[in-house]
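Here's the structure, in structure tokens; my notes come after.
Just so it is clear, the structure is predicted and the values come from calculations on it, not from any experiment.
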Amino acid sequence: MTFPDAWLVVTPSGIPVYRVLLEEAGFNVDDMELRFASENIVAEGWNEGFTDSYRLMVTEDSRSQQIFDIGRASAGQRKSIANSFTDLSLWKLTNLRYQEAEWQTHPTMGRFLFLRYNILKDGEIAPRGIQYFPIRNGKNYIIDRVQDSRFSNRALANFKDILEGFSFTEQLPAPALPLPLELDGGIPRETGDGNIRITGKTEPGAGLVLSHTAYEGDEPVTLSIATAEADGSFLLRCTLADQGVYMLTLTASKQDWIDTAASQVLTYQDGLIPINYDQDLPTLWTEDTYTMSGWTLTGVQLQLLDNRSGQSKKIGKDGRFSFDVDTRLPGEYHLVLVVSMDRHKDRRINIDFVREHTPEHDAVDIREQAEEVSYSELTKNPAEHVGKLLVFTGTVMNVTEGDGVWFARVNVTKVRNGNAPIVLLCEADPELIEGQKITCYAQANSPYVEQDSSGKETIVPSLTTVWIDK
């Protein structure tokens with residue numbers, strides 16, 4: 001990477017060398033060393049007046065190691081990388097918000113992601129930044145520029161000139177990647193006639209082999225072979241000769257890729273109405289809705305009985321079924337899937353799992369128990385509310401850490417004069433940022449007594465946090 005002529009370029013080892021010059025320019029050199037280490041900065045350059053700068057950061061993670069070179073990333077992978085920058089949850093955690101993420105190509109750098117972002121500072125968007133982000137040789141390279149004002153067209157053009165001096169002098173051989181293998185519904189678990197049909201997608205031209213073993217350690221017996229089409233799709237068919245239990249394995253292979261395999265135990269019972277699930281049946285569930293989906297035979301009648309009610313479905317030509325079960329309440333769930341079809345023996349399949357008790361369940365009770373008290377009432381008669389669970393909505397002013405305790409100062413909304421601070425005590429980092437709107441459920445303590453700018457004493461309510469809705 002080439003910086004403009006006459007710029008001061010500093011590397012981590014060069015910070016002590018330029019200590020005097022940097023301190024004269026207003027930098028805290030000790031803080032700079034920490035910043036270089038924490039942000040993985042390998043070089044940072046400034047112009048003569050220290051009013052403009054660029055920096056190069058190099059990091060490494062599991063994603064960069066897997067992709068290794070952005071040139072071989074799939075369209076889906078590139079989309080996922082871009083979305084990881086524009087995810088709004090990142091702004092809540094870091095005060096940094098990416099507004100633009102666009103893939104571009106340059107003759108020397110190759111493919112890279114152009115990024116534009118804002119930084120929230122003291123509740124306002126202050127510094128603005130632009131970045132180039134390629135992945136090469138298993139590492140993330142980030143060229144970054146930040147300034148306090150909007151970027152002019154000239155500034156953008158100057159930043160683009162950096163690409164002309166940025167190139168990779170060595171390209172390391174990329175390690176082989178696991179071959180992608182996506183199955184439409186998976187490998188069947190049951191069959192009533194011995195016929196097996198498996199479809200899915202992988203890399204074009206990949207070879208696929210479906211085999212089975214009767215016992216562990218036996219040589220696999222090939223059941224079906226196929227080659228993926230130009231779009232990666234494939235179809236495997238076979239008919240089992242005998243009833244029984246089979247350990248099926250589907251293996252996808254292609255030169256310069258690592259083989260990928262998927263296995264499933266299948267039961268072949270003549271006349272059985274097969275039920276094949278898209279996902280393994282759970283024993284422990286953590287979501288508010290449990291969706292049981294899969295496929296069976298056309299014309300099958302399904303009835304799902306749960307703790308409180310039942311649902312029925314007649315299966316259409318595609319053989320697909322799906323049931324949604326309300327699992328908002330924690331506890332044990334006992335479901336029964338009744339399977340019936342003309343000239344077949346009915347089946348009753350028991351499905352048992354436990355809905356885990358989560359903090360969100362506690363939050364429901366907390367919200368119902370909390371009392372609404374006006375800010376003026378709390379400050380006028382604080383002793384009457386000590387120990388009560390109260391609820392307030394407001395804006396985070398600041399967060400500080402004490403001796404094992406975090407203090408969040410919040411300005412309560414809907415107060416006449418607009419100045420209504422409370423202090424929340426938190427046993428763990430509440431992960432709040434300045435300017436964030438929250439609703440807090442907290443137990444009232446004895447208040448703090450503070451002095452305003454004129455020396456007048458004011459009451460500031462103190463509460464111990466029980467739950468925060470962000």
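A salt bridge links D52 to R145: one of the charged nitrogens lies within less than 4.0 Å of a carboxylate oxygen. R136 and E60 are not joined by a salt bridge, as no carboxylate oxygen comes within less than 4.0 angstrom of a charged side-chain nitrogen. Ionic pairing of D30 and R35 is not present here: no N-O contact between side-chain nitrogen and carboxylate oxygen is shorter than 4.0 angstrom. D144 and R55 are joined by a salt bridge, as a carboxylate oxygen and a charged side-chain nitrogen come within less than 4.0 angstrom of each other. Contact check on D469 versus R367 returns a salt bridge, with a Lys/Arg side-chain nitrogen under 4.0 Å from an Asp/Glu carboxylate oxygen. Between R409 and E434, no side-chain nitrogen of the basic residue sits less than 4.0 Å from a carboxylate oxygen of the acidic one, so the salt-bridge criterion is not met. Between R320 and D278 there is a salt bridge, since a side-chain N of the basic residue sits under 4.0 Å from a carboxylate O of the acidic one.
Taken to the nearest 0.5 Å, the CG atom of N140 stands 5.0 Å off from the CD1 atom of I135. The CD atom of E332 lies 11.0 Å from the CZ atom of F353; values are rounded to the nearest 0.5 Å. Between atom OG1 of residue T202 and atom CG of residue L183 there is a gap of 9.5 Å, rounded to the nearest 0.5 Å. Note that OH of Y448 and CD of E457 are 16.0 Å apart. Values are rounded to the nearest 0.5 Å. To the nearest 0.5 Å, atoms CD (Q436) and CD1 (I468) are separated by 8.5 Å. Atom CD1 of I422 sits about 14.5 Å away from atom CD1 of I459, to the nearest 0.5 Å.
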Stepwise salt bridge (charged side-chain N to carboxylate O under 4.0 Å, His left out) test for D280 and R189
CA-CA 10 Å; D280 291 334; R189 304 162 189 259; 2.9 Å; yes

Give the C-alpha distance, both sets of side-chain angles, the deciding distance and a yes or no for side-chain contact (heavy atoms from CB on, under 4.5 Å) between V325 and T289.
CA-CA 6 Å; V325 180; T289 301; over 6 Å; no

Under the side-chain contact (heavy atoms from CB on, under 4.5 Å) rule, what do L250 and F234 come out as? Steps first, then yes or no, please.
CA-CA 12 Å; L250 172 59; F234 63 85; 4.3 Å; yes

Run the numbers on D306 and H334 for side-chain hydrogen bond (donor to acceptor under 3.5 Å, both in side chains), then give the verdict.
CA-CA 6 Å; D306 61 26; H334 176 65; over 6 Å; no

Evaluate the side-chain contact (heavy atoms from CB on, under 4.5 Å) criterion for residues L389 and I366: first the C-alpha distance (whole Å), next the side-chain angles of each, then the deciding distance (0.1 Å), finally the verdict.
CA-CA 8 Å; L389 181 63; I366 291 168; 4.0 Å; yes

CA sep, side-chain torsions, deciding dist, call: T199, D184, side-chain hydrogen bond (donor to acceptor under 3.5 Å, both in side chains):
CA-CA 6 Å; T199 61; D184 300 329; 2.8 Å; yes

Show your working on side-chain contact (heavy atoms from CB on, under 4.5 Å) between E203 and W257 and close with a plain yes or no.
CA-CA 10 Å; E203 282 292 306; W257 293 79; 3.9 Å; yes

Criterion side-chain hydrogen bond (donor to acceptor under 3.5 Å, both in side chains) on T251 and D259, from CA distance to verdict
CA-CA 7 Å; T251 304; D259 290 359; over 6 Å; no

As a quick check of understanding, evaluate side-chain hydrogen bond (donor to acceptor under 3.5 Å, both in side chains) for N137 and Q171, giving each step before the final call.
CA-CA 7 Å; N137 294 332; Q171 181 62 49; 3.2 Å; yes

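Counted by atom type alone, Q104 and Y132 present zero donor-acceptor pairs between their side chains at under 3.5 Å. Residues T464 and N445 have side chains that bring a donor and an acceptor to within less than 3.5 angstrom of each other. A donor atom on one side chain and an acceptor atom on the other are found under 3.5 Å apart for E377 and N381. Judged by distance alone, the side chains of D61 and S64 do bring a donor and an acceptor atom under 3.5 Å apart. T291 and D324 form a side-chain donor-acceptor contact under 3.5 Å, judged by distance and modelled atom types alone. With no hydrogens or angles considered, a side-chain donor-acceptor pair links S263 and T249 at under 3.5 Å.
Of all heavy-atom pairs between R63 and S84, the closest is NH1-OG, 3.4 Å. The two residues E287 and T327 have their closest heavy-atom pair at O-OG1, 2.8 Å. D288 and R355 get closest at one heavy-atom pair: OD1-NH2, 2.7 Å. When all heavy atoms of A442 and L463 are compared, the pair lying nearest together is CB-CB, 3.5 Å. The shortest non-hydrogen separation linking A101 to L115 is CB-CD2, 3.6 Å. For V386 against S446, the heavy-atom pair with the smallest separation is CG2-N, 4.1 Å.
Atom CD of E427 sits in a sparse spot, with 12 or fewer heavy atoms from other residues, nucleotides or ligands closer than 6.0 Å. Within 6.0 Å of the OH atom in Y18, the count of heavy atoms belonging to other residues, nucleotides or ligands does not exceed 12. For CD of Q279, the number of neighbouring non-hydrogen atoms (other residues, nucleotides, ligands) closer than 6.0 Å is 12 at most.
Using bins of under 30°, 30° to 60° and over 60° for the plane-to-plane angle, the ring pair Y375/F392 lands in the perpendicular bin.
Between L236 and L208, the closest side-chain pair of non-hydrogen atoms falls below 4.5 Å. The closest side-chain heavy-atom distance from E219 to T213 is not below 4.5 Å. Looking only at side-chain heavy atoms (C-beta outward), P175 and F68 come within less than 4.5 Å of each other.
Judged purely by atom type and a 3.5 angstrom limit, S38 uses its side chain to pair as donor or acceptor with the backbone of L34. Distance alone, capped at 3.5 Å, is enough to place a donor-acceptor pair between the T260 side chain and the L179 backbone. In this structure, Q443 contributes its side chain and G387 its backbone to a donor-acceptor pair below 3.5 Å. The backbone N or O of L425 lies less than 3.5 Å from a partner atom in the side chain of T465, making a donor-acceptor pair.
Under the 6.0 Å cut-off for aromatic ring centres, F133 and F85 qualify, their centroids lying closer than that. Taking the six-membered ring wherever Trp is involved, the centroid distance between the rings of W7 and F50 does not fall below 6.0 Å. A distance of 6.0 Å or more separates the ring centres of Y333 and Y290. Ring-centre distance between W103 and F112: not below the 6.0 Å cut-off.
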